[in-house]
Amino acid sequence: MEDTNSLIEQRRQNLAGLNARGVNPFMNSFSPDAQCGTVRTELARWAEWNKSPEPKGEPVGLAEGTRVRLAGRITAHRDMGKSQFLDLRDVSGRIQLWVQPKVLGEDAAEIFKLLDLADFIGIEGTLFITRMGEPSVKVESFTPLGKSLRPPPGKWHGLEDTEIRYRQRYLDLMANEPIREVFLKRSHILKEIRSFFHLRGYVEVETPMMQAIPGGAAAQPFKTFHNALGCEFYMRIALELYLKRLLVGGVDKVFEIGRNFRNEGLSRRHNPEFTMLEAYEAYGDYATMMETVESLIRHIALTVVGTLKIEHRNAEGEVFKTIDLSHWRRARYKDLVCEKAGDDWFMVSPEERRRRAVEDLKLSGDIAAGYQDFEVTAAVFEKLVEPTLIQPTFVTHLPKQLVPLAKISAEDPTTVEVFECCINGQEIAPGYTEQNDPIAQREALEHQAGGEQQKLDEDFLVALEHGMPPAGGIGIGIDRLCMMLLGQESIRDVILFPQLKPKV
RNA sequence: GGGUCGGUAGCUCAGCGGUAGAGCAGCGGCCUUUUAAGCCGUUGGUCCAGGGUUCAAAUCCCUGCCGACCCA
């Protein structure tokens, strides 16, 4: 960027001033011995202990007078003339610095004047508590570590321009504390998912993102070209078919967390690339996987959020939705449809169902002329039932036409052994008793490919013919899981760099 | 793809035919424990872009770009 303004110009002049004094404003390294937020917390603990009239037992926290070396970004500056207060921030939080020119000495005081808000510095000093009770560091020396040549976003309102927040996420992270929290917690969620599966004896793998035939889901893929091989590849739309190959190969419990790519619309709930978890367990079935999903999500909620009652708040901070992860409902697809569409929904003729859906339920926009009967019912489910499933619900006994790749239920052969776990009005995790009959699988995939032989993943079918153990499988959309757990209503607020149209 | 709303100083926004504004940030002062520090002074603009209407356009009209939300 070539844009300049007076604020950038002033910072460049300060940079030149540092260079002129032989100070390197961009150091190669610095070794702090503590973190800002941690030191602040520990010093406050000590102050609390010290405050009681008769201190009892061993001191806690970090005492006044302790020497520390800290590094971070200057995020506030309060000039008192002969006394200056700065806030220094690192990933752990902030702490106040007290800087007195006379303590620094004349040369250092001159250099101090050339610092700007948002610069990175390292400091050395001793801990103390101000008259106002603020845990602080009395700075004895400092080192410029990384100069900021552009003004940071404001401190009051933070950064609110959504476009800048998404395009320059680093500014969002710098200015908006709650946003930083969301992404730190997303990292924590991923960590807990991994440890959950590892503890259960699962193996984590990585399978190809570039695939000759994109399979495992019905979605538009992105296409790319490999120069050396001279052929086209597709970015994967699902993980499934490679993980099942591993079941064939004898990896009995396997999971992958990875990016899928779907060349479709963008919305509050859709990003073209999104993170998917898929897990497969040999000798398990959909019931095994329901238990897995419930245990996993409970575990994450407790370890990351610290509660099973997840609160979603509006801009005013009022709770408008609470998701209770301590009760998991199980309900049949047909029963849920009847709740919205009438108890006799499945007893009337297909023509009557279509009429009711279009006229009574006002779904004309969602039901295409060529829809089959089961698709009419599916529209009712998707538009009228799913959005109301805010509390965790396993929807089971889906009609077999709806999920052609799953195994038939022994107790009701018109349905399949499949669940859709819905939370927060969205499908969060589908789970299957996976098809391991290669002949049935071939028929289903051939039907799905609609006679286009090139769309058939022959290598996958050959793998199944070598024998696959019965297995339960799940997929969990990690972004939507994060939205649900972290109280975010837009997928862009749980993806660090959401896709936007490039600016020219 | 359709509809609604938005784009003005570094940030947050006001102005909606008649000289381009405020708060914060910045800069210059004062203040030796302040913390949204305070007080005095002050700099800063391609009003998203391009066309049109008009004596006069940030403001009205058209086209385009980018974003948010809703719908499909």
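Note on naming: letters A, B, ... go to the chains in the order of the sequence lines (proteins, then strands), and numbering restarts at 1 for each one. The analysis underlying the following values was restricted to heavy atoms, covering all of them including side chains, and did not include hydrogens, waters or symmetry mates.
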### Pair Lys321(A)-Asn424(A), side-chain donor/acceptor within less than 3.5 Å
yes
### Query
What distance, rounded to whole Å, do you find between the two C1' atoms, one in G28(B) and one in A68(B)?
41 Å
### Task
Measure from the side chain of Pro153(A), starting at C-beta and using heavy atoms only, and say which of U12(B), C31(B), C11(B) lies closest.
C11(B)
### Query
Would Arg262(A) count as a cation-pi partner of Phe274(A), with NZ or CZ less than 6.0 Å from the six-membered ring centre and within 45° of the ring normal?
no
### Inter-nucleotide P distance (U63(B), U59(B)), Å rounded
16 Å
### Task
Take atom C1' in G29(B) and the same atom in C69(B), then report the distance between them in whole Å.
48 Å
### Query
What distance, rounded to whole Å, do you find between the two P atoms, one in A57(B) and one in G17(B)?
14 Å
### Query
Taking the six-membered ring for Trp, are Phe394(A) and Phe419(A) parallel (under 30°), tilted (30 to 60°) or perpendicular (over 60°)?
perpendicular
Tabulate protein N/O versus nucleotide N/O from nucleotides 21-25 of chain B, keeping only pairs under 3.5 Å, one per line.
none

### Query
Going by the angle between their ring planes, with limits at 30° and 60°, are Phe128(A) and Trp98(A) parallel, tilted or perpendicular?
tilted
### Query
Which value, in whole Å, describes the distance between the P atoms of nucleotides A36(B) and C48(B)?
34 Å
### Task
Could I get the full list of side-chain hydrogen bond (donor to acceptor under 3.5 Å, both in side chains) partners for Gln448(A), not counting sequence neighbours?
none
### Task
Return the nucleotide paired to G6(B): Watson-Crick means purine N1 to pyrimidine N3 with N6-O4 or O6-N4, wobble means G-U with N1-O2 and O6-N3, both under 3.5 Å.
C66(B)
### Query
Is there a Watson-Crick or G-U wobble partner for U33(B) with both distances under 3.5 Å, and if so, which one is it?
none
### Message
Could you tell me how far apart Met132(A) (CE) and U33(B) (P) are, to the nearest whole angstrom?
### Response
12 Å
### Message
Determine whether a donor-acceptor pair (one donor, one acceptor, N or O, separation below 3.5 Å) exists between the side chain of Arg78(A) and the base of U34(B).
### Response
yes
### Query
So what does Gly265(A) touch, heavy atoms closer than 4.0 Å: a base, only the sugar-phosphate, or nothing?
nothing
### Task
Please work out if Glu160(A) contacts a base, only the sugar-phosphate, or nothing of the nucleic acid, heavy-atom cut-off 4.0 Å.
sugar-phosphate
### Query
When you check every protein heavy atom under 4.0 Å of nucleotides 66-72 of chain B, what one-letter string (B, S, -) results, 5' to 3'?
SSSSS-S
